[in-house]
Peer 1: 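Structure below; questions to follow.
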Amino acid sequence: MAIEFTKYHGLGNDFILIDNRSSSTPAITPEQAIKLCDRHFGIGADGVIFALPGENGNDYTMRIFNSDGSEPEMCGNGIRCLAAFLADLEGTQRKSDKYAIHTLGGVMTPQLMSDGQVKVDMGLPRLLAGEIPTTLAPDDEKVIAQPIQVAGKTWDVTCVSMGNPHCITFVEDVAAIPLEAIGPQFENHPVFPRRTNTEFIEVVSRDYVKMRVWERGAGITLACGTGACASLVAGVLTGRCDRTATVELPGGPLYIEWSEVDRRVYMTGPAERVFTGKID
């Protein structure tokens, strides 16, 4: 059987998108997703995203398999790509530029902007240790600038959940971080029972930071939308950043706002179609 797909990327964080609206069960297995994401023997991607029927009154449901076959709760760049994919699927039948999408990390609301960017209401950041989850602090306390031992060094980390776990540490030179060596050690550290995404942040100014990321289940990627959101929140919590900032990733910039009015986080960035095809 052949399955049609479209490949999209958000700042180089790339995904295989599958129209799964006729069923609530993903069309392929995690094992098949691993093969499709392989950059030498498959299509090549950081993950496979499925557009499924909506749940609980929402327009659609999003599920994603990472390139290692694991299933994350959410993906910021991925949901922008999903919004662009849905708009392409609906074509002239599209009734709105905004979608309510059910994810394992909560309901997210992406909106297609007139300039081609996608703005996403990412919801409220979750700051308590039990919500992330991590054992770095009691469940009902925040984890802000807490020390952790990784690779024989003490790092001060701040933890935030954007529906998925993030561990953020601020460094002087983000380019000097040996991501391949220490990223897996952060991800699989015993203080993170569900593993974690890890962001390394260099603050250039209060409204401009540079970020590199080790993503749980995907490794080094060119961009991470939820990570950019979590990093701005961590920057505000530690007094380093304003509530709006440009987060510069290896794949390009995202504009992030942590609203002082409604306390929700908003992410704006691109989503671009690459090509379409069929999988046997």
Side-chain angles (χ1 to χ4, degrees), residues 1-105 107-108 110-112 116 118 120 163-164 215-226 251 269-280:
M1 126 179 186
I3 298 174
E4 294 183 352
F5 73 90
T6 305
K7 184 170 176 178
Y8 286 78
H9 79 88
L11 299 179
N13 195 193
D14 56 345
F15 305 95
I16 299 162
L17 278 292
I18 294 177
D19 181 2
N20 216 117
R21 294 175 296 170
S22 62
S23 171
S24 295
T25 302
I28 65 172
T29 66
E31 292 74 23
Q32 290 170 322
I34 293 173
K35 294 179 180 179
L36 294 179
C37 289
D38 190 288
R39 297 190 182 279
H40 299 287
F41 299 101
I43 297 167
D46 291 320
V48 179
I49 295 174
F50 306 90
L52 298 103
E55 298 180 20
N56 303 322
N58 295 299
D59 298 317
Y60 296 100
T61 296
M62 169 184 172
R63 289 184 63 184
I64 176 172
F65 294 152
N66 284 324
S67 57
D68 71 349
S70 62
E71 182 171 7
E73 299 87 349
M74 234 297 287
C75 176
N77 288 315
I79 201 164
R80 294 200 318 278
C81 291
L82 177 60
F85 180 54
L86 290 171
D88 286 343
L89 289 177
E90 292 179 353
T92 58
Q93 303 301 313
R94 181 155 56 102
K95 298 177 181 178
S96 173
D97 291 326
K98 185 181 291 188
Y99 299 103
I101 298 179
H102 174 80
T103 78
L104 296 179
V107 177
M108 306 293 166
Q111 180 177 7
L112 287 85
V118 182
V120 187
N164 56 353
E215 287 201 53
R216 179 187 60 167
I220 297 174
T221 61
L222 294 178
C224 176
T226 55
E272 300 183 29
R273 184 172 63 242
V274 184
F275 60 83
T276 63
K278 291 184 178 180
I279 311 161
D280 290 328

Peer 1: Determine the minimum heavy-atom distance between Ser23 and Pro53, stating which atoms define it.
Peer 2: O-CD, 3.1 Å
Peer 1: Between Asp14 and Asp46, is there a donor-acceptor pair closer than 3.5 Å when you use the side chain of the first and the backbone of the second?
Peer 2: yes
Peer 1: Side chains of Ile28 and Lys35, heavy atoms from C-beta outward: is any pair under 4.5 Å?
Peer 2: no
Peer 1: Taking only residues two or more places apart in sequence, or in another chain, which ones meet Asp97 in a salt bridge (Lys or Arg N to Asp or Glu O under 4.0 Å)?
Peer 2: Arg94
Peer 1: For the CD1 atom of Ile279 and the CD1 atom of Ile3, what is their distance to the nearest 0.5 Å?
Peer 2: 5.5 Å
Peer 1: Please report the shortest heavy-atom distance between Val118 and Ala271, naming the atom on each side.
Peer 2: CG2-CB, 4.3 Å
Peer 1: Roughly how far, to the nearest 0.5 Å, is CG of Leu17 from OG1 of Thr276?
Peer 2: 12.0 Å
Peer 1: Side-chain atoms of residues 69-87: list all donor-acceptor pairs with protein atoms under 3.5 Å, sequence neighbours left out, distances to 0.1 Å.
Peer 2:
unit_1: Ser70; atom_1: OG; unit_2: Asn66; atom_2: ND2; d: 3.1
unit_1: Ser70; atom_1: OG; unit_2: Asp68; atom_2: OD1; d: 2.6
unit_1: Glu71; atom_1: OE1; unit_2: Arg63; atom_2: NH2; d: 2.9
unit_1: Glu71; atom_1: OE2; unit_2: Arg63; atom_2: NE; d: 2.7
unit_1: Glu71; atom_1: OE2; unit_2: Arg63; atom_2: NH2; d: 3.4
unit_1: Glu73; atom_1: OE1; unit_2: Arg216; atom_2: NH2; d: 2.5
unit_1: Asn77; atom_1: OD1; unit_2: Arg80; atom_2: NH1; d: 2.8
unit_1: Asn77; atom_1: OD1; unit_2: Arg80; atom_2: NH2; d: 2.8
unit_1: Asn77; atom_1: ND2; unit_2: Asn13; atom_2: OD1; d: 3.1
unit_1: Asn77; atom_1: ND2; unit_2: Ala223; atom_2: O; d: 3.2
unit_1: Arg80; atom_1: NE; unit_2: Gly269; atom_2: O; d: 3.3
unit_1: Arg80; atom_1: NE; unit_2: Pro270; atom_2: O; d: 2.9
unit_1: Arg80; atom_1: NH2; unit_2: Pro270; atom_2: O; d: 2.9

Peer 1: Would you find a donor on one side and an acceptor on the other, under 3.5 Å apart, between the side chain of Lys7 and the backbone of Ala45?
Peer 2: no
Peer 1: Got a sec, which pairs hit ring-ring contact (aromatic ring centres under 6.0 Å, His included) with one end in residues 36-55, sequence neighbours left out?
Peer 2: Phe50-Phe65
Peer 1: Any idea which heavy atoms bring Ile18 and Ala27 closest together, and the distance?
Peer 2: CG2-CB, 4.4 Å
Peer 1: Classify the side-chain pair Thr226/Asn164 by whether it contains a donor and acceptor separated by less than 3.5 Å.
Peer 2: yes
Peer 1: Taking only residues two or more places apart in sequence, or in another chain, which ones meet Tyr99 in a ring pair (Phe, Tyr, Trp, His ring centres under 6.0 Å)?
Peer 2: Tyr60
Peer 1: Test of understanding: with salt bridge (Lys or Arg N to Asp or Glu O under 4.0 Å), list the residues that count as partners of Glu4, not counting sequence neighbours.
Peer 2: none
Peer 1: Within the distance-only criterion (no hydrogens, no angle test), does the side chain of Asp19 pair as donor or acceptor with the backbone N or O of Arg21 below 3.5 angstrom?
Peer 2: yes
Peer 1: Is there a side-chain contact (heavy atoms from CB on, under 4.5 Å) between Ile64 and Phe15? Walk through the geometry before answering.
Peer 2: CA-CA 9 Å; Ile64 176 172; Phe15 305 95; 3.9 Å; yes
Peer 1: Measure across Ile101 and Met62 and return the closest heavy-atom pair with its distance rounded to 0.1 Å.
Peer 2: CG2-CB, 3.7 Å
Peer 1: How long is the straight-line distance from CG of Asn20 back to CD1 of Ile49, given to the nearest 0.5 Å?
Peer 2: 12.5 Å
Peer 1: Once salt bridge (Lys or Arg N to Asp or Glu O under 4.0 Å) is applied, do any residues pair with Arg273, and if so which ones, sequence neighbours excluded?
Peer 2: Asp88
Peer 1: Where do Asn58 and Ala100 come nearest, in terms of heavy atoms and distance?
Peer 2: CB-O, 3.5 Å
